[in-house]
Number of protein chains: 4
Amino acid sequence: MPKITTRARRALTEERRKQILAAAAQVFAAKGFERATIADIARHAGVAEGSIYNYFKNKDDLLISIPRQIVTPPIETVTARLQLLATETAEPEQLLLTIATAFTTVFRQNADVFRILLSALPTLKPAAREKYMRQVVSYAIGALETYLAQQIQCGVFRRDANPQHLARFLVGMFFPYIMLHDILQVEFDADWDYEQIIPEAVTLFLRGALAA
Amino acid sequence: MPKITTRARRALTEERRKQILAAAAQVFAAKGFERATIADIARHAGVAEGSIYNYFKNKDDLLISIPRQIVTPPIETVTARLQLLATETAEPEQLLLTIATAFTTVFRQNADVFRILLSALPTLKPAAREKYMRQVVSYAIGALETYLAQQIQCGVFRRDANPQHLARFLVGMFFPYIMLHDILQVEFDADWDYEQIIPEAVTLFLRGALAA
Amino acid sequence: MPKITTRARRALTEERRKQILAAAAQVFAAKGFERATIADIARHAGVAEGSIYNYFKNKDDLLISIPRQIVTPPIETVTARLQLLATETAEPEQLLLTIATAFTTVFRQNADVFRILLSALPTLKPAAREKYMRQVVSYAIGALETYLAQQIQCGVFRRDANPQHLARFLVGMFFPYIMLHDILQVEFDADWDYEQIIPEAVTLFLRGALAA
Amino acid sequence: MPKITTRARRALTEERRKQILAAAAQVFAAKGFERATIADIARHAGVAEGSIYNYFKNKDDLLISIPRQIVTPPIETVTARLQLLATETAEPEQLLLTIATAFTTVFRQNADVFRILLSALPTLKPAAREKYMRQVVSYAIGALETYLAQQIQCGVFRRDANPQHLARFLVGMFFPYIMLHDILQVEFDADWDYEQIIPEAVTLFLRGALAA
DNA sequence: CATGAATGAGCATTCATTCAT
DNA sequence: GATGAATGAATGCTCATTCAT
């Protein structure tokens with residue numbers, strides 16, 4: 001009996017924690033970290049203000065708990081898919097298109113969270129900042145780096161290329177679009193879409209821009 | 001001779017305004033917009049708190065005055081240099097190297113300001129946000145787009161390329177580095193430098209990543 | 001037993017609200033609305049500054065909540081007594097003496113509040129101003145008007161008299177004294193007292209000033 | 001020469017003083033003493049903020065200078081007219097009608113100033129408050145008291161009446177109307193006018209309210 | 001005397017956090 | 001664990017007053 005009760009209680013606790021964190025992410029994304037209030041978050045989560053402090057040490061703790069609980073899962077999903085793809089598909093073009101599509105999709109679906117990170121990270125202490133960016137970056141680019149390193153060794157890509165740099169270059173090509181369109185939600189630069197951009201970028205990445 | 005007096009006073013006023021704005025930019029960059037206090041800014045500027053309100057309507061006004069006074073000038077300098085180069089230099093590689101170097105340099109020297117914009121823009125009203133991003137983006141990329149459009153017409157670059165996209169792709173390649181290293185000041189990804197990165201990126205942009 | 005808890009909490013809440021409002025009335029009366037500070041009021045009420053905002057929206061809200069909670073009750077008491085008297089006493093002189101005494105007493109006991117209203121009402125918005133004056137005036141004079149109208153119909157008072165005007169004339173006779181002595185607390189005009197004034201005024205009101 | 005210059009300068013100075021005081025009265029009347037700012041007053045007067053301090057010690061000094069310069073003149077005019085009338089007219093009814101009309105007219109034309117006094121006097125120090133109320137009261141009622149005292153001695157008014165009280169009773173009858181209509185500018189009590197009220201009040205004052 | 005920029009004390013209001021119930 | 005009233009430090013902004021020009 002006590003075992004089940006304890007287990008059930010733990011599950012409930014974990015559930016409540018996620019519920020609060022999801023509310024926090026939502027409110028942070030909408031108002032920015034500093035303008036979001038604990039009262040806001042409590043209202044969105046359907047709990048009392050004081051209850052939040054049973055699950056999180058303080059407001060900062062809410063913020064730095066978001067990546068682990070909310071950012072990490074979707075990135076891990078993508079990463080897993082990429083590792084699978086890398087072993088199956090022979091054609092680099094096809095694989096990079098898939099990677100790029102998955103990558104931009106994750107960013108776009110979680111633009112709210114990245115907006116939070118952007119607005120709040122500068123105010124965090126350097127150590128915490130580095131810890132969380134390291135998580136995000138390695139999750140996001142790790143699999144791509146590994147794949148590119150393999151392909152360089154196989155001779156598919158130029159032998160003198162640096163796989164870490166290649167990975168960043170490829171991913172970076174989408175940054176201007178993601179930043180403006182999805183994170184900052186600026187709309188003046190709008191006569192394009194990702195389905196058109198992604199093949200162009202991948203082609204440029206593989207073949208270069210020169211004519212001949 | 002009211003003229004001289006007036007002129008002298010205007011110059012002083014303008015000087016003081018810049019002094020306060022520079023202090024604001026500095027403090028915003030260090031602490032983020034919301035955590036920066038007027039008292040901080042006044043102390044950095046060497047004026048009394050109340051004096052700030054002789055030059056700016058309120059704290060928001062300080063923020064949105066920064067781009068015009070601080071971001072725009074260096075970008076204009078670079079833009080002017082590019083237009084000069086475009087008419088002189090024939091070799092695209094050389095020109096793109098110069099462009100990329102200038103571009104990353106401007107970002108790096110004004111990383112503080114971009115950090116402010118990134119953390120504060122999401123909390124601004126959409127209209128103000130769009131207005132300021134439009135300024136920054138078109139200043140930053142306009143000249144590059146023009147150059148690429150010319151080169152596409154000349155047949156130097158692939159005829160099927162879109163100059164707007166090309167410009168964003170090239171600039172984007174440096175984003176991961178600028179974001180992590182200069183804006184977020186994360187140091188874990190530090191075994192590289194711009195002198196090494198820039199030629200690699202330009203080469204990739206021109207020739208592609210494939211081996212053959 | 002949530003019922004009792006809820007009821008008890010409500011009573012406490014209401015109690016605290018009254019306590020704060022009483023403190024506000026006191027401080028407003030002593031210093032005037034604008035010179036009174038929230039810190040003052042909190043100190044007088046024995047609560048923290050922030051607590052005041054759990055019960056009132058802002059400083060203005062404190063002001064406009066005063067009439068309903070503080071002015072109205074004593075006026076209602078007097079009004080009730082008058083209605084009772086009107087049915088019992090036949091003699092107009094006796095009744096008007098009682099009315100006048102009650103009326104001046106209410107004003108004098110709540111002079112603080114009327115001082116607040118006088119000094120703060122001009123700065124309120126016209127709509128709010130009118131709303132609150134209407135409350136005060138009709139409470140204060142309504143019963144007297146009704147009585148006078150009856151007596152005019154009975155032929156006790158001149159048939160050509162207007163009961164609304166009569167009521168205002170009678171009440172007005174005490175205004176110079178109330179204003180100077182109780183509201184403005186000017187003491188130079190002090191060789192008189194209400195016990196002496198009231199019969200004189202009532203006599204004048206009933207018989208006129210002429211000798212014959 | 002110096003004499004004339006000095007005289008002219010003095011006249012100019014006096015002129016400027018009045019101009020500032022008039023602006024202050026206007027702004028105080030519109031916003032209340034506390035909400036009026038020196039900048040407001042300076043703008044209305046067409047001078048620089050600092051200049052005001054060449055003519056007045058501080059903001060309070062502006063307030064307490066208003067009665068002497070602005071309230072007193074119109075009251076003196078009325079007082080003079082009354083003294084003239086008192087010697088000419090035999091009929092008390094006629095004279096009191098004239099007095100009452102003049103009195104209410106002065107109040108109505110200077111309602112702004114009286115509004116200032118009402119809103120600001122409570123915040124003044126008792127000594128200053130008393131000084132200025134004494135001025136206003138004796139100017140306003142002095143002549144009426146004198147007249148009534150004479151008429152009592154002549155046997156026109158009841159011998160047992162107190163002229164000071166009579167004067168206050170008569171004047172007080174108009175207070176409810178002046179306060180609500182002209183000072184507080186409340187409009188809900190509006191189906192009357194002074195031409196109708198004044199004769200009613202004077203008749204009541206002379207003959208009383210009783211029927212017989 | 002006139003000016004108006006500089007000053008800084010003063011205040012209303014917000015909000016993260018605590019804790020008695 | 002849950003609640004939400006109480007707390008009080010922190011902060012943006014105002015404005016009377018001063019003073020160098």
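Scope of the values below: all heavy atoms of this structure, side chains included, with no hydrogens, waters or symmetry mates. Just so it is clear, the model here is predicted, and its values are computed rather than measured. Sequence lines set the chain letters: A, B, ... in the order given, protein chains first and strands last, and positions in each chain run from 1.
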Please report the distance separating the C1' of F:dT21 from the corresponding atom of E:dC1, rounded so that it comes out in whole Å.
13 Å
If you compare every side-chain N and O of [X] against the phosphate oxygens of [N] (OP1, OP2), does one of them come in below 4.0 Å?
{"X": "B:Y55", "N": "E:dA6", "result": "yes"}
{"X": "C:S51", "N": "F:dA5", "result": "no"}
{"X": "D:R16", "N": "E:dC1", "result": "no"}
{"X": "C:N58", "N": "E:dA12", "result": "no"}
{"X": "C:R35", "N": "E:dG10", "result": "no"}

Taking atom [atom2] of [N] as reference, at what distance in whole Å does atom [atom1] of [X] sit?
{"X": "C:E34", "N": "F:dA16", "atom1": "CD", "atom2": "P", "value": "12 Å"}
{"X": "D:I20", "N": "E:dC1", "atom1": "CD1", "atom2": "P", "value": "11 Å"}
{"X": "C:D61", "N": "E:dA12", "atom1": "CG", "atom2": "P", "value": "15 Å"}
{"X": "B:E49", "N": "F:dA10", "atom1": "CD", "atom2": "P", "value": "14 Å"}
{"X": "B:R17", "N": "E:dA6", "atom1": "CZ", "atom2": "C1'", "value": "17 Å"}
{"X": "C:K57", "N": "E:dA12", "atom1": "NZ", "atom2": "C1'", "value": "14 Å"}
{"X": "B:L62", "N": "F:dC13", "atom1": "CG", "atom2": "P", "value": "9 Å"}
{"X": "A:I52", "N": "F:dG1", "atom1": "CD1", "atom2": "P", "value": "15 Å"}

Intra- and inter-strand pairing of DNA chain E, written as dot-bracket with Watson-Crick and G-U pairs under 3.5 Å and | for the latter, reads .||||||||||||||||||||
Of the nucleotides [options], which one has an atom closest to the side chain of [X]?
{"X": "C:K59", "options": "E:dT13, F:dC13, F:dT3", "result": "E:dT13"}
{"X": "C:Y53", "options": "F:dT7, E:dA5, E:dT14", "result": "E:dT14"}
{"X": "C:N54", "options": "F:dA5, E:dA6, E:dA12", "result": "F:dA5"}

Check whether C:Q19 reaches the backbone of C:A45 with its side chain - one donor and one acceptor, N or O, closer than 3.5 Å.
yes
Main-chain N/O of B:D61 paired with B:N58 side-chain donor or acceptor, under 3.5 Å:
yes
Is the positively charged end of D:K59 above the ring of D:F28, judged by distance under 6.0 angstrom from the centroid and angle within 45° of the axis?
no
Hits for side-chain contact (heavy atoms from CB on, under 4.5 Å) against B:A39, two or more places apart or cross-chain, chain-then-number order -> B:T37, B:R43, B:E49
Quick one: are B:Q26 and B:D112 in side-chain contact, heavy atoms under 4.5 Å?
no
Does the side chain of C:K18 reach to within under 4.5 Å of the side chain of C:E14, using non-hydrogen atoms?
yes
Taking atom [atom1] of [X] and atom [atom2] of [Y], what is their separation to the nearest 0.5 Å?
{"X": "D:L62", "Y": "D:R17", "atom1": "CG", "atom2": "CZ", "answer": "8.5 Å"}
{"X": "A:I116", "Y": "A:I66", "atom1": "CD1", "atom2": "CD1", "answer": "4.5 Å"}
{"X": "D:R16", "Y": "D:I52", "atom1": "CZ", "atom2": "CD1", "answer": "11.0 Å"}

So, C:R35 and D:D60, do they make that salt bridge, N to O below 4.0 Å?
yes
So D:F56, base contact, sugar-phosphate only, or nothing? Heavy-atom distance under 4.0 Å.
nothing
B:G50 or C:G50, whichever maps to the more 5' nucleotide of DNA chain E
B:G50
Counting only non-hydrogen atoms, which of residues 37-47 of chain B are less than 4.0 Å from DNA chain F?
B:T37, B:I38
